Amino acid sequence: MPEMLEIEIYRRSAEVIVGREIKKVRTPDSNYIKGGVRPANLRKALEGRTVVSARRHGKLLILETSDNGPSLGMRFGMTGVLVVDGVDAISDMQYSSLRRNPKWNSFSLEFDEGQLHMRDPRRFGRVELDPDESKMGPDAADMTFKEFRHALQSSAPIKARLMNQAVIAGLGNLLTDELLWRAGVNPSVLSRSLDDAQYKNLYKQMRATLRILGARGGSHRGDLHEFRHRDGICPKDGSLLCRETVGGRTTYWCPTHQR
DNA sequence: CCGGATGTTCACCT
DNA sequence: GAGGTGAACATCCG
């Protein structure tokens, strides 16, 4: 999916619908509604409400509605994109041409003027009323160093821990590989085995990764990204990158400077 | 044809 | 209980 940087781009593009009344809810893919809620109930809950804010928590985009109405949580799976008033805020992601096809509209809100579509070829995304945020960790961009260090006291590999949304919300496979590469930390190292200097450096590199890749336009704009393939070389020292599954995801790392 | 892809969840182990 | 693994979800791409 889109990771937190992409969701933040979606959130900004959704700000233009704040103040609009939801006239119609369309659910062409009923599997897209999480929790067995019926499409009719979703419509009843949202139609006639006004969107009062668009906020983000990790990879979750949340629209709040007027008059103590329910919030609408949106998750974008691996390939979901948000299209607001016909504008796709991210045009150079994987599957970008397919995403232009309204065939993949999975969920839509319509207003007097304009509309919001979730478009998702692989259909792994979901929408949900009043999503439970209590089981999510703090957003990666808002974490203090103390919270960060505390979150990493675990016997899981550092990469698995960083990607665990219940501990830190927002980091995905690409951002995590990039920040570990920048920090010079081996993805398989047990997270509680780092020393304080390493926690500090990791925290600093997480913030830098979010800031720099955010400014460049997304999770796929990391220095490591173009080398994440078999035969990829480390752009820092020229070593052949290792490829391994860590935390259930394909992981690339440099055997020379990531220890 | 096969493996793999920015994610989440669940069953089944250790 | 914590955490690992593999599968499933659905579709396209190289």
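Owing to the predicted nature of the structure, the values given are computational and were not obtained by experimental measurement. Just so it is clear: chains get the letters A, B, ... in the order the sequence lines come, proteins before strands, and each one is counted from 1. Just so you know, these numbers use all the heavy atoms, side chains as well, and skip hydrogens, waters and symmetry mates.
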Original post:
For residues A:Q258 and A:W181, is any side-chain donor paired with an opposing acceptor at under 3.5 Å?
Top reply: no
Original post:
Below 4.0 angstrom from OP1 or OP2 of B:dG4, is there any side-chain N or O of A:R230?
Top reply: yes
Original post:
How about A:K159 and A:S188: does a side-chain donor come under 3.5 Å of a side-chain acceptor?
Top reply: no
Original post:
What integer number of Å spans the P atoms of C:dA10 and B:dC10?
Top reply: 15 Å
**OP:** Would you mind classifying the nucleic acid contact of A:R249 as base, sugar-phosphate or nothing, using non-hydrogen atoms under 4.0 angstrom?
**Re:** base
Subject >> Counterpart base for B:dT6, defined by Watson-Crick or G-U wobble contacts under 3.5 Å >> reply: none
Original post:
Taking atom CD1 of A:I233 and atom CZ of A:F227, what is their separation to the nearest 0.5 Å?
Top reply: 5.0 Å
Subject >> Side-chain donor-acceptor contact under 3.5 Å, A:E6 with A:S219 >> reply: yes
Subject >> B:dG7 pyrimidine/purine six-ring stacking with A:F124, under 5.5 Å and 30° >> reply: yes
Original post:
Counting only non-hydrogen atoms, which of residues 160-177 of chain A are less than 4.0 Å from DNA chain B?
Top reply: A:Q165, A:G172, A:N173, A:L174
Subject >> P-based separation of B:dC2 from C:dA7 [nearest Å] >> reply: 15 Å
Original post:
Is the shortest side-chain N/O distance from A:R228 to OP1 or OP2 of B:dA5 below 4.0 Å?
Top reply: no
Original post:
Whom does C:dA10 pair with, Watson-Crick or G-U wobble, provided both distances fall under 3.5 Å?
Top reply: none
**OP:** Return the value, rounded to whole Å, for the distance between atom OH of A:Y32 and atom C1' of C:dA10.
**Re:** 12 Å
Original post:
Could you state the NZ-C1' distance from A:K159 to C:dG4, rounded to the nearest angstrom?
Top reply: 15 Å
Original post:
Base, sugar-phosphate alone, or nothing: which one does A:T245 contact when heavy atoms must sit under 4.0 Å apart?
Top reply: nothing
Subject >> Side-chain N or O of A:K59 closer than 4.0 Å to phosphate OP1/OP2 of B:dG7 >> reply: yes
Original post:
When rounded to the nearest Å, what value does the distance between P atoms of C:dT5 and B:dG4 take?
Top reply: 16 Å
Subject >> Integer angstrom distance from the C1' of C:dG6 to that of B:dG3 >> reply: 16 Å
